[in-house]
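Report on one structure; see the data block that follows.
Convention: sequence-line order gives letters A, B, ...; per-chain numbering from 1.
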Amino acid sequence: MLKIATWNVNSLPVRLEQVLDWLQHSEVDVLGVQETKVTDDKFPKTIFESLGYHVTFSGQKTYNGMALISRHPIESVITALPNFEDEQKRVLAATIQGVRVINLYVPNGSVVGSEKYQYKLSWLMALQDFLKAQLNDYPDCVVMGDFNIAPEDRDVHDPNAWIGNVLVSPQEREAFASILSLGFSDGFRLFEQAAGCYSWWDYRQAAFRRDLGLRIDHILISDALKPRCQSVVIDKGPRGNERPSDHTPVFVTLM
DNA sequence: ATGGTGGTCTTACCA
């Protein structure tokens, strides 16, 4: 059995105790984190290693930053999209226990039509090329992370209120669908789920208390890996912590 | 009541 999780922690230094606590209680084998906001020289490597984890990371100051924390050895690491010039650290792929794990922090996009939105769409185009090649090299593939896309209206607490917004725009949703058409499933939708399941709640407007969430953190399962996929679960717990991240973890269990 | 939260080499910018 292999449990693989994704969590946008919004600063690993701030959330370190929560991450260690969740690793211990969730008993996941692999955790991909986004928005570490820590440079590689300051990454808390020895803390994880002293607890028996392998780690790899690709960070920068203030923004973005990726890490993989694993009970098993981490091999064949990639830290960027090929053929896409980008100073922002948003990709970390590696092979763990024979499974290709691709951890992503998709750009937020700011406002539909803005420069950042165009960057998001360009980034997603380059991602498609990368995933196509990765799938060819590694058929057993998990693509996960903060996609900053709610794939369907049922992934949004109030779809009408969000019309015209980033995270739900048709172009972003088309990009998500194109990625699935390469040969992936949205793991969460492989199983029956309750209505109104979200992975992110804005810090503002008491959004978590009012359950004004979106499902924007995803785990995609390659077609070859689908028979091993037992469940995909959103663990809402950590969002209720004191001083929480605005995202909560999602994990897949593979047999 | 036209704001509001939270993180970051903070007084601006990002989400």
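- By the 4.0 Å N-to-carboxylate-O rule, A:D211 lies close enough to A:K236 to be salt-bridged with it.
- Sorted by first and then second residue, the salt bridge (Lys or Arg N to Asp or Glu O under 4.0 Å) pairs with a member in residues 163-191 of chain A read A:K120-A:E172, A:D153-A:R173, A:D155-A:R189, A:D186-A:R215; sequence neighbours excluded.
- Applying the 4.5 Å side-chain rule to ILVMFWY residues, one finds A:M255 in the same cluster as A:M1.
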Distance-only donor-acceptor pairs under 3.5 Å for side chains of residues 124-141 of chain A, two or more places apart:
from	atom 1	to	atom 2	distance (Å)
A:Q134	OE1	A:R100	NE	2.7
A:Q134	OE1	A:R100	NH2	3.3

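- Grouped by direct or indirect side-chain proximity (heavy atoms under 4.5 Å, Ile/Leu/Val/Met/Phe/Trp/Tyr only), A:F208 sits with A:Y198, A:W201.
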Q. Where each pair must be Watson-Crick or G-U wobble with both distances under 3.5 Å, what dot-bracket representation of DNA chain B is obtained, with crossing pairs in [ ] and other-strand partners as |?
A. ....((((...))))
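- The hydrophobic cluster around A:L16 extends to A:W7, A:V9, A:L12, A:V19, A:L20, A:W22, A:L23, A:V28, A:L31, A:V33, A:V38, A:F43, A:I47, A:F48, A:L51, A:Y53, A:V55, A:F57, A:I69, A:V233, A:F251, counting ILVMFWY residues whose side-chain heavy atoms fall within less than 4.5 Å of a member.
- The same atom, C1', is picked in B:dT10 and in B:dA15; the two are 16 Å apart, to the nearest Å.
- A side-chain hydrogen bond (donor to acceptor under 3.5 Å, both in side chains) check over residues 222-233 of chain A, counting only residues at least two apart or in different chains, returns nothing.
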Q: Can you check each nucleotide of nucleotides 5-15 of chain B against protein heavy atoms at under 4.0 Å and return B for base, S for sugar-phosphate only, - for none, in 5' to 3' order?
A: BSSSB---BSB
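- Comparing the same atom, C1', in B:dA1 and in B:dC9 gives a spacing of 35 Å after rounding to whole Å.
- Rounded to whole Å, the P atom of B:dG3 lies 23 Å from the corresponding atom of B:dG7.
- Each side-chain hydrogen bond (donor to acceptor under 3.5 Å, both in side chains) pair with one or both residues in residues 23-32 of chain A, not counting sequence neighbours, appears once here: A:D21-A:H25.
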